[in-house]
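Following: one structure in structure tokens, then a few remarks.
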Amino acid sequence: MHFQDLLAYKKSFALAMKIFHISKSFPAEEKYSLTDQMRRASRGVSANIAEAYRKRRFPKHFISKLTDSDAENSETQAWLEFALKCEYINQRTFDDFKTDSEEVGKLLNYMINNPTKFGST
């Protein structure tokens with residue numbers, strides 16, 4: 001199994017790509033602030049899952065990287081809220097993305113609470 005096979009990775013990657021595409025429509029003045037931060041945080045979720053999977057033989061390292069991923073996921077939600085309040089996305093898009101992010105969070109928490117199911121010793 002590869003980290004790309006993990007459901008949490010697949011769903012977080014899909015959300016990051018959705019955020020990438022929608023953020024293309026954000027104002028140019030947001031390029032180095034909201035747009036960049038939102039893209040980085042959403043991509044960080046997947047990247048940390050990939051790193052965690054490589055450290056799965058060491059439960060504390062595995063869990064640590066997954067908690068980093070969970071933190072990036074929460075940061076993504078905060079940036080989405082800014083995008084909503086700045087009227088760069090509508091309520092429906094926000095709700096859809098937040099639901100996706102919450103699902104990723106549940107998957108991450110499952111992995112954190114059950115490291116032995118992912119190859120940890």
Side-chain angles (χ1 to χ4, degrees):
M1 182 178 204
H2 302 281
F3 67 85
Q4 295 96 334
D5 298 323
L6 296 168
L7 187 57
Y9 180 85
K10 289 178 183 180
K11 290 188 175 283
S12 65
F13 191 89
L15 177 58
M17 292 309 299
K18 287 167 62 172
I19 287 171
F20 170 75
H21 290 295
I22 196 116
S23 66
K24 287 181 179 182
S25 67
F26 290 4
E29 66 265 16
E30 292 288 6
K31 183 176 183 179
Y32 297 109
S33 53
L34 181 64
T35 303
D36 185 53
Q37 291 292 340
M38 183 182 290
R39 288 178 180 179
R40 283 182 194 224
S42 65
R43 291 171 179 170
V45 179
S46 303
N48 280 301
I49 291 169
E51 287 185 49
Y53 193 69
R54 292 292 181 219
K55 296 181 178 187
R56 67 191 181 279
R57 293 180 187 219
F58 309 100
K60 289 181 182 179
H61 292 290
F62 179 69
I63 291 168
S64 176
K65 289 312 294 183
L66 289 174
T67 58
D68 290 347
S69 184
D70 194 39
E72 294 283 357
N73 193 44
S74 292
E75 183 181 341
T76 299
Q77 288 182 13
W79 292 122
L80 286 168
E81 192 168 348
F82 277 107
L84 173 67
K85 296 301 179 185
C86 293
E87 299 179 354
Y88 302 148
I89 60 174
N90 61 34
Q91 186 69 49
R92 182 177 176 179
T93 300
F94 173 81
D95 291 342
D96 288 346
F97 286 15
K98 187 168 184 240
T99 297
D100 291 347
S101 179
E102 288 171 347
E103 187 175 355
V104 169
K106 289 176 185 176
L107 292 166
L108 289 169
N109 282 313
Y110 179 82
M111 292 174 75
I112 289 166
N113 292 325
N114 299 282
T116 57
K117 294 187 179 198
F118 298 92
S120 292
T121 54

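- Counting heavy atoms from C-beta on, the side chains of Leu6 and Met1 come closer than 4.5 Å.
- Contact annotation: the side chain of Phe118 approaches that of Tyr110 to within less than 4.5 Å [non-hydrogen atoms, C-beta and beyond].
- Legend: ring-ring contact (aromatic ring centres under 6.0 Å, His included) pairs involving residues 29-48, not counting sequence neighbours: none detected.
- Every side-chain contact (heavy atoms from CB on, under 4.5 Å) that Lys24 has, sequence neighbours left out, goes to Phe20, His21, Arg39.
- Between Lys31 atom NZ and Ser33 atom OG the span is 11.5 Å, to the nearest 0.5 Å.
- In this structure Tyr88 satisfies the ring pair (Phe, Tyr, Trp, His ring centres under 6.0 Å) test together with Phe26, sequence neighbours excluded.
- Cluster partners of Leu107, using a side-chain heavy-atom cutoff of under 4.5 Å among ILVMFWY residues and allowing indirect links, are Leu7.
- Residue pairs meeting the salt bridge (charged side-chain N to carboxylate O under 4.0 Å, His left out) criterion with at least one member in residues 99-111, sequence neighbours excluded: Lys11-Glu103, Lys18-Asp100, Lys98-Glu102.
- With contacts defined as side-chain heavy-atom distances shorter than 4.5 Å, the pair Leu15/Ser42 does not qualify.
- Residues forming a side-chain contact (heavy atoms from CB on, under 4.5 Å) with Thr67 (at least two apart in sequence, or on another chain): Ile63, Ile112.
- Taking Arg40 as the reference, Asp36 meet the salt bridge (Lys or Arg N to Asp or Glu O under 4.0 Å) condition, with sequence neighbours excluded.
- With contacts defined as side-chain heavy-atom distances shorter than 4.5 Å, the pair Tyr53/Ile49 does not qualify.
- The stretch residues 73-83 participates, sequence neighbours left out, in no salt bridge (charged side-chain N to carboxylate O under 4.0 Å, His left out) pair at all.
- Without hydrogens or angle criteria, Asn73 side chain to Ser69 main chain gives no donor-acceptor distance under 3.5 Å.
- Within 6.0 Å of CZ on Phe3 lie more than 12 heavy atoms contributed by other residues, nucleotides or ligands.
- The line from CD1 of Ile22 to OG1 of Thr93 is 4.5 Å long, rounded to the nearest 0.5 Å.
- By the ring pair (Phe, Tyr, Trp, His ring centres under 6.0 Å) test, Phe97 is found to be paired with no residue, residues two or more places apart in sequence or in another chain being considered.
- Remark: the backbone N or O of Thr35 is not paired with any side-chain donor or acceptor of Ser23 at under 3.5 angstrom.
- Note on Val45: it does not cluster hydrophobically with Ile19, by side-chain heavy-atom contacts below 4.5 Å among ILVMFWY residues.
- In terms of modelled atom types and a separation under 3.5 Å, the side chain of Tyr9 and the main chain of His2 share no donor-acceptor contact.
- At a threshold of 4.5 Å between side-chain heavy atoms, the hydrophobic network of Ile, Leu, Val, Met, Phe, Trp and Tyr places Val104 and Phe62 in one connected group.
- Under the 4.5 Å side-chain heavy-atom criterion for grouping Ile, Leu, Val, Met, Phe, Trp and Tyr, Leu80 is not connected to Phe13 through any hydrophobic cluster.
- Not a single donor-acceptor pair under 3.5 Å links the side chain of Ser64 to the backbone N or O of Lys60.
- When the side-chain contact (heavy atoms from CB on, under 4.5 Å) test is applied to Glu51, the partners found at least two apart in sequence or on another chain are Asn48, Lys65.
- In terms of heavy-atom proximity, Ala8 sits nearest to Met111 at CB-SD, 3.9 Å.
- In this view, Ser12 and Ser46 satisfy the side chain to side chain donor-acceptor pair (under 3.5 Å) rule, not counting sequence neighbours.
- Between the CZ atom of Arg43 and the OG1 atom of Thr76 there is a distance of 11.0 Å, given to the nearest 0.5 Å.
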Stepwise, does the side-chain contact (heavy atoms from CB on, under 4.5 Å) test hold for Asp70 with Leu66?
CA-CA 6 Å; Asp70 194 39; Leu66 289 174; over 6 Å; no
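- Between His61 and Phe58, the ring planes lie perpendicular to each other; the angle is over 60°, past the 30° to 60° tilted range.
- By the side-chain contact (heavy atoms from CB on, under 4.5 Å) test, Leu84 is found to be paired with Ile89, Gln91, Phe94, residues two or more places apart in sequence or in another chain being considered.
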